[in-house]
Amino acid sequence: MCLGIPGQVQEIRDDAGLRMATVDFGGVRREVCLDYTPGAGVGAYVIVHVGFAITEVDEAEARRTLDVLRAMADAVETELGEPLP
């Protein structure tokens, strides 16, 4: 199963020409490439799939999705490598 997980952009930086960010997934932070979402800034919510932000979403949708994913703990743990807090 492949999941797109919403997270909030915490900081953005350039890494050898790639637009990279630290993204918070409700307490779990990961490094994410923002090249596919050039309009995403700090504080924005993005859907992340295999390390790439693929689209922006609003905060309410991100929170609803995280609530559903928490209910599917095994799937999220497999995707992120650890459970959501």
Side-chain angles (χ1 to χ4, degrees):
M1 174 192 299
C2 295
L3 296 174
I5 301 178
Q8 185 179 35
V9 177
Q10 300 295 303
E11 66 178 58
I12 298 172
R13 69 192 163 287
D14 182 273
D15 186 359
L18 289 175
R19 196 163 172 259
M20 299 296 292
T22 301
V23 175
D24 185 288
F25 300 93
V28 175
R29 290 183 174 208
R30 293 286 183 261
E31 298 304 305
V32 171
C33 180
L34 294 181
D35 274 0
Y36 297 138
T37 54
V42 172
Y45 285 84
V46 293
I47 299 292
V48 177
H49 178 66
V50 295
F52 292 88
I54 56 175
T55 192
E56 288 186 64
V57 294
D58 64 45
E59 182 177 0
E61 181 63 26
R63 292 191 186 284
R64 279 192 301 272
T65 302
L66 282 171
D67 288 343
V68 169
L69 292 174
R70 281 186 183 95
M72 300 169 36
D74 291 339
V76 173
E77 187 170 354
T78 298
E79 190 72 16
L80 290 179
E82 60 185 273
L84 290 172

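Numbers here simply count residues along the sequence, with the first being 1.
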For the hydrophobic clusters of this structure (ILVMFWY residues joined by side-chain heavy atoms under 4.5 Å, transitively), does one cluster hold both I47 and V42? no
Could you tell me which residues satisfy salt bridge (charged side-chain N to carboxylate O under 4.0 Å, His left out) with D58, sequence neighbours excluded, listed by chain and number? none
Kindly determine whether L66 and I5 satisfy side chain to side chain contact (heavy atoms under 4.5 Å, CB included), including the steps that lead there. CA-CA 7 Å; L66 282 171; I5 301 178; 4.3 Å; yes
Interatomic distance, Q8 atom CD to T22 atom OG1 [nearest 0.5 angstrom]: 12.0 Å
Please report the interatomic distance CG(D35) to CG(D15), rounded to the nearest 0.5 Å. 10.5 Å
Same cluster or not: are F25 and M20 linked, directly or through other Ile, Leu, Val, Met, Phe, Trp or Tyr residues, by side-chain heavy atoms under 4.5 angstrom apart? no
Please list, chain by chain and in numerical order, all residues satisfying salt bridge (charged side-chain N to carboxylate O under 4.0 Å, His left out) with D24, sequence neighbours excluded. R29
What pair of heavy atoms forms the shortest contact from L34 to A53, and how long is it? CD2-CB, 3.7 Å
Could you state the interatomic distance from CG (D14) to CZ (R19), rounded to the nearest 0.5 Å? 10.0 Å
Atom of G41, atom of V9 and distance for their closest heavy-atom approach: O-CB, 3.5 Å
Would you sort out whether R30 and V23 count as a side chain to side chain contact (heavy atoms under 4.5 Å, CB included), showing the intermediate values? CA-CA 5 Å; R30 293 286 183 261; V23 175; 5.8 Å; no
Hydrophobic cluster identity match, V28 and V68, side-chain contacts under 4.5 Å: yes
Atom of A62, atom of P6 and distance for their closest heavy-atom approach: O-CG, 3.5 Å
Is there a side-chain contact between Y45 and E61, using heavy atoms and a 4.5 Å cut-off? no
Residues at least two apart in sequence or cross-chain that pass side chain to side chain contact (heavy atoms under 4.5 Å, CB included) with A40, listed by chain then number, are T37, A44, V46, E56
Interatomic spacing from NE2 in H49 to OG1 in T55 - rounded to 0.5 Å: 13.5 Å
